[in-house]
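Please read the structure below before turning to the comments.
Below, read A as the first sequence line, B as the second, and so on, with proteins coming before strands; counting in each chain starts at 1. Keep in mind that this is a model prediction, so the values were computed, not measured.
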Amino acid sequence: MNAAIQFNDVSLTYGPETDLVKVLNSISFSVNDDEIVSIVGPSGSGKTSIIMLAAGLERATQGSIKIHGQEITGVKENELSDIRRKNIGIVFQSFYLIPNLTALENVLLSLEANQKYNLDSEAKSLLDEFGLSHRINHLPSELSGGEQQRVAIARALINRPKIILADEPTGNLDSANSNTMIDLLFDYSRKSKTSLVLVTHNNPLAERCDRIIELKDGKIA
Amino acid sequence: MLDYQQLLFIHRYALRDITRSYKKLWVISTTLFISLLLLSLTFSVKHSLSNEIEANSKELLGGDIQISSGIEPLQGLILEQLSELGQISETVSLATMLSKKGDTSVFVDLRAVDGNYPLYGEMKTIPANAGQELLHDAKRPTVLINENIQNQLRLNIADEVVIMGQDFVVGGVIASVPDLAQSAVFGEFAIINKDQFDEFNIGSRDSFLKHDYRLKLNQTEDDGKQIELIKSIVESDKNINTRLPKDSGQSLRRIIDNFSNFLNLVSVSAMIIAGIGISNTLLSFVNQRNISIAVKKSLGFSSNIIQLIYFYEILLILIFTSILAYCIGVMSPLLANDLIPKSFDIDLQTSFSFISYLNIFFIGLLVVLIFSIPSLYSISAIKAVALFRNTFQPVSLHFSAKNIFYLTLLVVVLVGYFVFQTEQQFFTLLYFMAFVVTIFIFYGVSRLLISLLKRSFDFSSNSYKIAYRNIVAKKSLAPIMTISLGIGLTLLLTLSFVANNLKHEISQSIPSMAPDMFFVSINKGEKDDLESFIKSIDPNVELEFSPMASASFVALNGTPIEEIVSGDNRSSWIVRGDRRISWLEKPNQDNLIVRGEWWEPGIQDQMFVSMDSRAAFDLGMKLNDKITLNILGRDVIGTVKNFRKVDYRDISINFAIIINEAFATKLPYEYIGTLKSELSADTIQSKVIGKFPNISAIKIDRILSKVGEVLNKIFIAVTGISLIVIVIGLIVIVSAVMVQTTFRRYNNLIYKILGVNFPTILKAMTLEFAIIYLTLIIFALTVAMMGSYFVVENILLLSWSFDPSLTLWIVFSTAAVSFLLILIANRNIFNPKVYPLIRNE
Ligand SMILES: Nc1ncnc2c1ncn2[C@@H]1O[C@H](COP(=O)(O)OP(=O)(O)OP(=O)(O)O)[C@@H](O)[C@H]1O
Ligand SMILES: [Mg+2]
C-alpha cells in the first residue's frame with residue numbers, strides 16, 4: 001500500500017504578521033491509494049483548505065505534502081498544473097460547468113486539458129453510464145442541479161485520476177440526488193481503486209467512508 | 001511549445017466560443033471594422049489615384065517632353081532641330097479678359113494651340129467635333145470655353161465674345177482636356193487656334209506670354225537618347241526649361257499625398273480609440289468569464305493557453321473585419337469616380353492586391369496586440385482557488401515589466417511602420433507624439449477629477465452623492481469617457497478652429513483690407529489714360545499703380561538657385577519660373593523694413609534688391625548677397641540691400657522682389673493697378689474693358705468666393721472625417737456603459753430599496769455626465785485652442801481668433817448626442833426588476 005496523499009506537519013496561515021490567521025496548525029495525515037476518506041468538522045475548521053493544498057491550488061506555509069510520493073511544496077506553477085492534471089480530479093460544491101459549452105463539451109474539456117483529443121466516444125459512454133445520454137448536447141442552463149453535478153463528476157473522472165477531491169459535492173442537492181452522486185463517486189473509487197477525499201457535513205455519509213478525519217480549529221481532533 | 005493538436009484545439013475552441021458569444025464582442029468588431037475601413041479607403045483611393053496619374057503621365061504632360069521658352073518663342077533653328085525628332089505641338093498661354101459682347105467680362109486663362117494638339121489623349125468638347133473644327137476648319141475666329149465661363153457669362157454656342165478687342169464666336173464648350181490644367185478644372189479656361197492668335201496679333205501687347213512646345217518622339221529611336229539630345233539642344237538658353245512625364249501632375253500628387261497623410265493619421269487615431277474600446281471590452285469579457293477561466297485552470301489549462309484562445313478569437317475577428325474592410329475599400333475608387341468632377345476625366349480602377357491587404361491587416365494586428373495584451377494578461381490573476389471560496393475578485397489591466405517591454409516594442413513598430421510609409425515623416429511623428437501626449441493628458445484629467453472629487457466631498461444632495469460614488473467607483477466611466485471622447489473632441493475642435501480661422505480670413509479680414517479690383521496688362525502709354533478715365537467714373541476712387549517686369553531668379557552668390565532651394569521649401573515658389581518684379585525709389589509704408597536699409601536714389605548702373613523677409617529667411621539669404629535675375633533673357637547681378645515684411649493678405653500690390661527705380665527705367669515694363677471704390681465692381685469693369693480692351697480687370701470677390709468654396713468643401717470633408725473618430729469614441733463609451741449595467745443596476749436597486757426615487761437617479765446620472773464632460777471639455781478646448789493657435793499663427797501665418805458660437809455648437813451637440821446614447825445604453829437600469837437580482841446576488 002502506498003500513500004496517495006501525505007501531509008507532514010503542514011501549516012497554513014494567511015495575512016501579515018500583525019494580523020495572522022492560522023488556518024491549519026501542523027497537520028499530519030495520509031490517505032492510501034484505494035481509500036475513501038471523509039473530512040468533517042465545523043465551519044471554518046479548515047476542511048476546504050486541506051483540499052486546496054492537496055490539489056496544489058494553495059501553497060502550504062510550512063511542512064511537506066506528497067502526492068503519490070512526489071513532493072509538491074516548492075514546485076513551480078507549471079509543474080503543479082502537470083501533477084494536478086495527471087493525478088487529481090476535483091468536484092466542487094457549486095458545479096461550475098462552463099455555461100456556453102454543452103454537457104459533452106464540458107467533459108471533453110477535461111480531456112483536452114490533458115491534450116487528449118477526439119475521445120468523444122469515451123466521454124459519451126461515461127455520460128451514458130451516469131444516465132445522461134439524452135442530455136449530452138444540452139447547455140448547463142438547460143440541466144437540473146443533479147444533472148449538472150453528474151456532468152461535473154464525469155468531468156472530474158474522465159481523465160481516470162488517481163485521487164478524487166470533493167468539497168461538499170452534495171451541498172447544493174436534495175437527498176435523492178445526493179445519494180446518486182455519492183454512489184457514483186464510491187463506485188468509481190472502488191472499481192478503479194482510487195482514493196477519494198470527501199468533505200462533508202453529512203454524518204451518515206461520513207460514516208460510509210473507510211475513515212473519518214475530524215478537524216477542529218485547524219487541528220485533527 | 002504547442003504542437004499541431006493543441007493548435008487545432010485552440011482553433012476549434014475559439015471558433016466555437018466566438019459563434020456562441022459574438023454578441024459580447026460586437027464592440028470589438030464594429031470599432032475595428034470602422035477604423036480599418038477608413039484606413040483601407042484611404043489606401044485604396046490614394047493607390048488608384050497615383051496609378052491613374054502614373055498611367056496618364058504623358059497625357060498630363062501633353063507629350064514625351066515639354067520645352068518652355070517663357071515669353072519668347074523658340075528660335076527657328078532650334079524648332080527645326082526638334083521637328084526632326086518628332087511631332088511638335090506649340091501652345092501659347094496668357095491670362096486675359098473675355099467679354100460677352102456689350103456685357104460682363106471674366107478673366108480667363110487663354111490658350112492658343114496648333115493643329116497637333118493634343119499629342120496624347122483627347123480634348124472632349126460639346127459638341128464633340130468642336131475641337132476638330134476649331135483647329136482644322138475654323139472659318140471665323142473661334143473660341144472654345146469651359147463650363148465656368150459659360151455659366152458666368154451665360155453664353156451659348158455661336159454667341160459672340162471679345163478677347164483683346166477682337167471678336168470671336170463660341171465654337172463649343174470644353175468638357176475636359178488631357179493635361180488637367182488647373183484653370184480648366186476649377187477656373188475659367190478658353191482655347192483658340194494658334195494661327196488665328198498669330199493672325200490677329202492677340203499676344204503682341206501682352207508681356208506675360210508663355211510659350212510651350214510639346215514633343216511626341218518618333219518611335220524609331222531610343223527615347224532616353226532623344227531626350228538627352230533635346231536637352232543638349234536647348235541647354236545653352238537659360239530661359240528654356242524642360243519637363244518630362246514623370247514631373248507631370250506634381251501639384252496633384254502633392255495634394256493627394258497631403259490629404260492621404262491626413263486621412264492616415266485620422267484613421268490611426270480612430271484605430272487607437274477603437275483599441276481603447278477593445279481593451280475595455282476584453283477586460284470586462286475576462287471578468288464576466290472569470291469562473292470559466294478558473295475552472296479551466298482547475299482542469300490543468302495554463303494561463304498561456306487560455307490567453308491564446310482569447311487572443312485567437314480577436315485575431316479571427318480581425319481577419320474577418322479586415323477582409324471586409326479591405327474589400328469595401330478596394331471597391332471605393334468606383335464610388336470616387338462618381339464624386340470626382342467630370343472635368344478631371346478620371347477613371348479610377350480597382351485593383352486587389354494581397355500586399356495592400358497585408359498592410360492593413362498588419363496595422364490592425366499591431367493595434368489589437370497593443371490593446372489586448374494588458375487585458376488578456378489579467379487572466380493570470382484569476383486563481384482556481386476562487387472556486388472553493390465562491391468569491392471572484394474583478395481583475396484589472398495587467399502591466400508587468402515584461403508587458404511594458406512588449407508594449408513599448410509594439411508601439412515603436414507601429415509608429416515606425418506608419419512614419420516610414422508617409423511622405424511627411426517629421427509631421428507624422430510629431431502627430432503621433434502629440435496624440436500620445438493627449439491620451440496621457442486625458443488619462444491624467446480623469447484621475448485628477450476623481451481625486452479632486454474624493455477630497456472635496458461635502459455636498460448633501462442625494463443625486464450628488466450617487467453621482468460622486470459612480471465617478472469615484474473603481475469601475476468608473478470617467479477614464480474611458482474622458483479619453484475616448486476627449487481625443488475625438490480635441491481633434492474635431494482643433495480642425496474646426498483652424499478651418500474657421502481660414503474661413504474668417506477669406507470672408508472678412510481679406511475683403512476689408514483688399515482692393516475691389518486688379519488691373520493687369522496696362523501698357524506704359526495707357527496708364528495715365530486709364531487713371532483719368534477711372535477718376536472720371538468715380539472721383540473718390542483709391543487707385544494705385546506699380547510698374548512691373550518679368551524676371552526669373554537664377555542664382556544666389558553665383559550658385560544656381562535650384563541647388564540651394566529644394567522643392568518642399570516653403571518659399572520655393574519665388575524661384576520657380578517667371579516672377580513679376582517691381583521697383584521703387586522710396587520704401588513703401590505698407591512694407592516694413594526689418595533688416596538693412598533702403599538704397600541711395602539715382603544710381604543707374606547698379607541693381608539693388610529688396611527681398612520679402614520670409615522668403616529671404618527660407619532661402620537663407622543675407623544682406624549684401626549677390627542675386628542673379630534673368631530679366632528678358634539677360635542675367636543681371638544685384639546686391640540685396642534690405643528685407644521687407646510683406647503682408648500678402650491685403651492683395652494690394654505686393655512684390656517679393658523690388659529693385660531700384662533708377663536701374664529699372666531701362667527695362668521694358670507695364671503697369672499693374674489696384675482699385676477700391678464705392679461703385680460696383682461690375683460697372684467699373686465693363687466700362688474699363690469697353691474702353692481698354694487689352695487691359696484685364698479682375699474682380700477680387702470672385703477670386704475670394706472661389707477660394708471660399710474650395711475651403712468650405714475641405715472644411716466639410718475634414719470635419720466629416722474627424723467625426724468618425726468621435727463616432728468610434730461614442731461606440732466605445734456606449735459599450736463601456738453597457739458593460740457596467742449589471743453593476744449599476746444593482747446599485748440602483750439598492751438605492752431604490754433605500755427609498756431613492758427615479759428622478760433622483762436620473763439627476764444623479766445627469767450630474768455624473770455633466771461633471772465628467774465638463775472636465776474633459778475644458779481640457780479638450782485648451783488643447784484644441786493651443787493646437788489651432790500654433791497652426792494658424794505659425795504655419796498659416798494668420799492671426800488667430802476664437803469663434804464662441806461654433807465652439808458652443810460643437811460642445812453642446814456632442815454633449816447631447818453622447819448623453820442621449822448613454823441614457824439609451826442604460827435604459828434597463830431605470831426599472832431594475834427586483835426579483836431576478838435578489839435571486840442572483
Ligand atoms: N484568504 C484568507 N485570508 C484569511 N483567512 C482565510 C482566507 N481563506 C480562508 N480563511 C480562513 O480560513 C479558515 C478555514 O477556511 P476553510 O474554507 O478551510 O473552512 P471550512 O472548514 O471549509 O469551512 P466551511 O465548512 O464553512 O466550508 C476560515 O476561518 C477562513 O476564515
Ligand atoms: Mg469549506
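- Residue contact with chain A, scored on non-hydrogen atoms closer than 4.5 Å, involves the side chain of B:D3 exclusively.
- Ring planes of A:F7 and A:F29: parallel class, angle under 30° (limits at 30 and 60°).
- Using cut-offs of 30° and 60° on the angle between ring planes, the pair B:F301 and B:F9 is parallel.
- No donor-acceptor pair closer than 3.5 Å links the side chain of B:N280 to the backbone N or O of B:G277.
- Neither the backbone nor the side chain of A:Q93 comes within less than 4.5 Å of any heavy atom in chain B.
- At a 4.5 Å heavy-atom cutoff, the contact between B:L387 and chain A is made by backbone and side-chain atoms alike.
- Using a 4.5 Å cut-off between non-hydrogen atoms, the part of residues 134-166 of chain A that approaches chain B consists of A:R155.
- Side-chain atoms of A:D9 never come within 3.5 Å of backbone atoms of A:S28 as a donor-acceptor pair (strictly under, hydrogens ignored).
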Candidate pair A:I50 and A:L215, rule side-chain contact (heavy atoms from CB on, under 4.5 Å), full reasoning: CA-CA 10 Å; A:I50 287 185; A:L215 279 184; 3.6 Å; yes
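- For A:I98, the parts lying near chain B are the backbone and the side chain together; criterion is any non-hydrogen pair under 4.5 Å.
- In this structure, the portion of B:V295 lying under 4.5 Å from any heavy atom of chain A is its side chain and not its backbone.
- Residues B:L36 and B:L318 are in side-chain contact: their nearest non-hydrogen atoms beyond the backbone lie under 4.5 Å apart.
- Close approach to chain A, defined as a heavy atom under 4.5 Å from one of its heavy atoms, is seen in B:A384 of residues 372-384 of chain B, taken by number.
- Minimum heavy-atom separation, B:S484 to B:I273: CB-CG2, 3.7 Å.
- Taking chain B as the reference chain and counting heavy-atom pairs below 4.5 Å, the highest number among A:L109, A:I83, A:N78, A:I51 is found for A:L109.
- Contact check for A:L196 versus A:Y188: no side-chain heavy atoms found under the 4.5 Å cut-off.
- No side-chain heavy atom of A:E112 sits under 4.5 Å from any side-chain heavy atom of B:K296.
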So A:E71 and A:S64, side chain to side chain donor-acceptor pair (under 3.5 Å) or not? Walk me through it. CA-CA 7 Å; A:E71 181 62 54; A:S64 122; 3.0 Å; yes
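- Both the backbone and the side chain of A:Y96 have a heavy atom closer than 4.5 Å to some heavy atom of chain B.
- In this structure, a donor-acceptor pair under 3.5 Å is present between the side chains of B:K297 and B:S303.
- Heavy atoms of A:S110 lying under 4.5 Å from chain B belong to its backbone as well as its side chain.
- With salt bridges taken as basic N to acidic carboxylate O contacts below 4.0 Å, none links B:R389 and A:E58.
- In this structure, the side chains of B:R16 and A:L101 come closer than 4.5 Å at one or more pairs of heavy atoms.
- Considering only heavy-atom pairs separated by less than 4.5 Å from chain B, the leading option among A:N100, A:L80, A:N114 is A:N100.
- Judged by distance alone, with hydrogens and angles left aside, the side-chain atoms of A:T170 form no donor-acceptor pair with the main-chain N or O of A:L173 at under 3.5 Å.
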